[in-house]
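Okay, so here's the structure we're looking at.
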Amino acid sequence: MMRGAICLTVLLGGVTPACAALDYGFDGYIDLRLIAPGDQKSTAEGGLGKLRYGKGDSNFQFAALLGQGWVRFTPEVTAVVSLRAAPDQRTPFDPLEAYIRYRPVSTTPWRWSVKAGAFFAPFSLENTELGWSSYWTITPSAINSWFGDELRTIGGEGTLEWRRDDGTLTLMAAGFGWNDPAGVMMADRGWSMDDRPIGLFDHLREPDTSVLLIGGVPPDTTPLFKEFDNRAGWYAGASWDDARQWHAEIIHYDNQANSSAHQEDYFAWRTQFWDAGFSARLDDNFTAIAQALAGTTTITPAPAFSSTTDFSSAFALIGWERGQWRLAARADVFHTRTDTTFGASPFGENGTALTAAVSWLPRDWLRLTGEILALDSKRTERLVAGMAPDQSETQTQLSARIYF
């Protein structure tokens, strides 16, 4: 990490110098991978696989180059910008976040803050590192993979903290726009497990089979950060950080989209869900994390036709760390079901996944992580592509993350 202070000299009346320190910093990393990919074609290539790397992908991968800069104008005001370069982006560098936060100093039990711009909503107990990455694994859970793929707060968020001797209660609420298509990938692709969150200018590849089923011609992509109906979405929640080192939270999200609004062939999806999470520091070495989510997404492309996808997922992770080493094991379950005006569609699915990861951090600037991820899923849509509905995928990765 690079930090510093810029001294600005201002001459007042030609005789009085004033020097103000502008604090700033920059963090970043390059992520290189050695991969044994799964044997299903990944969704990044238009397939129905569930993992980032699949059939046809090279064993050597440049995963990402990420940089995040911040400027603290005053002790209360900070601006943050995060940019990433990764394969198959629509632009060479794509912002993941760009926002400004105001957090005044407080000497009472109450403290508040606001931020505005484009940023990841505070829904994850797992992806807490630079660039929406996981502290414990390479690949995040299905829940947090979806958050990175389809959700971004483009608007404003406020928090209010009540600090007590036994813990801190935090209330949050946000209003946002430009996320009307959120839910389209959940309906058309279902759950996936992928550590490449979408950038603000990027599009996601639709599965070729899904495109064919609706009469389209693959390949096709869909934007995520668009506004079709001029209606603001919102989320609100509460969390408790206990002095005994455990955390619990519950959040409701609703993008308030008009499910019949559209722009050319791209439609708004009314997406809403409940999310609950819990984490606890069990002792000096062990940490446990659990998260669960359930919701729906609906599209009404014609007055006589509507389609609703129910989705749910949960995971539990146990992590151990000591010195330069981190070990983690995680289990995921996920489910979707799509019902239309004319009956159930073939887009529903059920699946489970097991992930194990080992990280070694021999230097401040280096993290080496090995991970194996085994995923089983059943998706009826695969019959259309001439595949058995039940498929198993295994992906093994060795990541070398070099920080600067």
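As a basis for the values below, the full set of heavy atoms in this structure was taken, side chains included, without hydrogen atoms, waters or symmetry mates.
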- Message: Is the distance from the ring center of Trp274 to that of Tyr235 below 6.0 Å?
- Response: no
Side-chain donor-acceptor pair present, [X], [Y], cut-off under 3.5 Å:
X	Y	result
Asp376	Ser392	yes
Ser260	Thr300	no
Tyr53	Glu393	no
Glu249	His247	yes
Thr139	Glu371	yes
Thr137	Arg326	no
Ser307	Thr340	no
Gln89	Thr91	no

- Salt bridge present between Arg330 and Glu126 (N-O < 4.0 angstrom): yes
- Message: For the CH2 atom on Trp112, are there more than 12 heavy atoms of other groups (residues, nucleotides or ligands in this structure) within a distance under 6.0 Å?
- Response: yes
Once the angle between the rings of [X] and [Y] is folded into 0 to 90°, is it parallel (under 30°), tilted (30 to 60°) or perpendicular (over 60°)?
X	Y	value
His203	Tyr266	perpendicular
Phe273	Tyr253	parallel
Trp146	Trp191	perpendicular

Hey, can you pull the donor-acceptor pairs under 3.5 Å for the side chains in residues 166-176, sequence neighbours left out?
from: Asp166; atom 1: OD1; to: Arg164; atom 2: NE; distance (Å): 3.0

- Message: For the backbone of Asn258 and the side chain of Asp229, can you confirm whether one donor and one acceptor N or O come within less than 3.5 Å of each other?
- Response: yes
- In short, salt bridge (charged side-chain N to carboxylate O under 4.0 Å, His left out) pairs touching residues 94-120 with sequence neighbours left out are Arg103-Glu161
- Task: Taking side chain to side chain donor-acceptor pair (under 3.5 Å) as the test, write out the residues that go with Arg189, two or more places apart.
- Result: Asp149, Ser192
